[in-house]
2 protein chains.
Amino acid sequence: MTNRNDARLIALDWGTTSCRAYLMAEGGVVLAERRQPLGTMAVTRHASATGTPHVLAFEQSFEEICGGWLESDPDLPVIACGMVGSNHGWAEADYRAVPADLVSEGIVLTRVSTRRGVTVHIIPGLIADSALPGVMRGEETQILGALTANLRAGTLDYASERIVLLPGTHSKWVRIIGTTVKDFATYMTGEIYALLTTDSTLSRLSVRPVQSDWMAFDRGLDVARSPAGRGGVLNTAFSARSLVITGELAPDQVEDYISGLLIGHELAEIDPAWLADEPNAILLCGEAALNDRYRRALQRLGVDVDLAVPGSAPLGMWEIAQITGLLTLVKQ
Amino acid sequence: MTNRNDARLIALDWGTTSCRAYLMAEGGVVLAERRQPLGTMAVTRHASATGTPHVLAFEQSFEEICGGWLESDPDLPVIACGMVGSNHGWAEADYRAVPADLVSEGIVLTRVSTRRGVTVHIIPGLIADSALPGVMRGEETQILGALTANLRAGTLDYASERIVLLPGTHSKWVRIIGTTVKDFATYMTGEIYALLTTDSTLSRLSVRPVQSDWMAFDRGLDVARSPAGRGGVLNTAFSARSLVITGELAPDQVEDYISGLLIGHELAEIDPAWLADEPNAILLCGEAALNDRYRRALQRLGVDVDLAVPGSAPLGMWEIAQITGLLTLVKQ
């Protein structure tokens, strides 16, 4: 049994909409977890509204979440990933250009010091210099955690090439060999879903469903891949309105239909090479509800899916802390 | 010179976001015009908020806009088109199935009576029973007005097949022969532009430009048609963020870049048959600023454009009032 005296690291998965803090022990074991809706967006808004200097607002949020842990153990090293390292975050961390090895010893962490004397180490993001540049912050750490967890569980062949798919607000498709990210692509599927189902002419005809309507979801998937789907999402999205008007879609089916439509377009429009990676399955690395949707959509195309062990971000941070000597340095 | 004593018709172009009322004389001449932000959405919201019966709320708005005209001339016939005829409008008007002749004598107007004793006649919309059904309300009347105006101006060959493009919140591509609508398609380009540039992760990196940046607009157009555009709009939209992060797009270029990107995808993804209607040009029938964008985008593809005479909706309503005997009936 581990207890709080075994704490070796504080790890912060600090994104746009929330901050999750983990107190971690040897082996990447999570001893305690705290979650606050203090995402980078909320922190910067609060800073602007109150005239608090930007950096101080982040420090206050950090203290609110982790202060208790640091009271008991002031020497704990602190590592963070996500949008906290963006130019709207606490301190701007680098982007490493792909191809990039996620476990390279050369990873440079960006350091911020607090008035308490704690140094927070922010993990760099990744950048892909394609025709349209790709950027990520936080997903690189989730991927490393997922690889580590699945390797430990024996469900992964380490050296092979594979696709990791991280569905979400901005879904990321990432091609890796071993622990090296070769390339990635971004789809704004989750964000456009939220915009269309929250305050649009489509949401006005929609009623929130009591439970997922898989028939409506599958219908959306199929439309996106049908000849009618060739008009693209700007065209097919309107059918979430016209089908209600003609009585062919119930108001409480609209959200699942749009979900199927958008995920269907994502899968129909992505370069087929991302889906043709047989015999290696796609490693799906998202929240359970979203994993269900993408797995269903991919299986409908005959593409196999492996599910990542959940909670991959803290384990990824643990690995980075280890590689970069953060654990050794502070605790020796 | 005409004056208000010559008034023969009140025509209401009553859409989702505004109501425009026209006092019209012989020949479809507009004597006076009133515009209120009392769109069907505002009226129904007001009705819900105040507990006013739905129909009464529309009558009150109608009185607010047209009451003065009816005081002077209580026998004026009243005609209306647009979302006022939807199931969220004043009274639900029919949809006529395409192919449909816009000047058919068989058009049935839906009648609503007010307590003042005035009857408002609502023009039916159109429905296309395609794989994904298409619906329109109001655009059919704008098209008729545009055809009438351009025929009068001698800029149109009446009998030929042509495409009428009505850009806007939901841009409509309409194939007509003479005055018969054969088919149409809808793109939610304007609405998705508004959603992405108002409150999204893209708008957060964006600064409203002082004037249109045509270089940024063209760049968006070109991306949509490039190999990088094949990923579809869910993918390319993210470049309005990543290009700012990499310093390749200025914050005040984001809006025009997204505008070009979305219009570019609309033109890249629509069935090419809609663009191949040479030698007949596309008749472009929108507001001036939007016409400029679509004309520029289409000319970049080598597609010729004719501009519709502006203010087509009232003239369309005048034509319908004439065809359906509304003018004769009431004034004889």
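In the text below, chain A, chain B and the rest are named by the order of the sequence lines, each starting its count at 1. All of these numbers come straight from a predicted model, not from anything done at the bench. The analysis underlying the following values was restricted to heavy atoms, covering all of them including side chains, and did not include hydrogens, waters or symmetry mates.
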- Item | Partner chain B: residue of A:Leu243, A:Asp271, A:Ile127 with the largest heavy-atom pair count (under 4.5 Å) |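 Among A:Leu243, A:Asp271, A:Ile127, the one with the most close pairs to chain B is A:Leu243.
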- Query: Top residue by heavy-atom pair count (under 4.5 Å) with chain B, among A:Ser86, A:Ala268, A:Gly231, A:Ser239?
  - Reply: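 With the most close heavy-atom pairs to chain B, the winner is A:Gly231.
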- Task: Inspect the surroundings of CG in B:Asp129 and state if more than 12 heavy atoms from other residues, nucleotides or ligands are less than 6.0 Å away.
- Result: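 Not more than 12 within 6.0 Å, no.
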- Item | Sidechain-backbone polar pair: B:Glu191 side chain, A:Ser200 backbone, donor-acceptor under 3.5 Å | no
Non-hydrogen atoms of chain A under 4.5 Å away: do they reach the side chain of [X], the backbone, both or neither?
X        : value
B:Thr169 : neither
B:Met83  : side chain
B:Leu262 : both

Hey, which of [options] has the most heavy atom pairs under 4.5 Å with chain A?
options                               : value
B:Ala237, B:Ala131, B:Pro133          : B:Pro133
B:Ile192, B:Ile270, B:Thr201          : B:Thr201
B:Leu195, B:Val135, B:Thr16, B:Thr186 : B:Thr186
B:Arg241, B:Glu269, B:His88           : B:Glu269

- Task: Report the C-alpha separation of A:Leu202 and B:Met188 in whole Å, then their side-chain angles, then the decisive distance to 0.1 Å, and conclude whether the side-chain contact (heavy atoms from CB on, under 4.5 Å) test is met.
- Result: CA-CA 10 Å; A:Leu202 308 184; B:Met188 289 183 64; 3.9 Å; yes
- Message: The test is side-chain contact (heavy atoms from CB on, under 4.5 Å); show your working for A:His265 and B:Val233 and say whether it passes.
- Response: CA-CA 9 Å; A:His265 275 291; B:Val233 75; over 6 Å; no
How many angstroms lie between [atom1] in [X] and [atom2] in [Y], if you round to the nearest 0.5 Å?
X        : Y        : atom1 : atom2 : answer
A:Arg137 : B:Ile245 : CZ    : CD1   : 7.5 Å
A:Tyr187 : B:Leu234 : OH    : CG    : 7.5 Å
B:Ser242 : A:Met136 : OG    : CE    : 12.0 Å

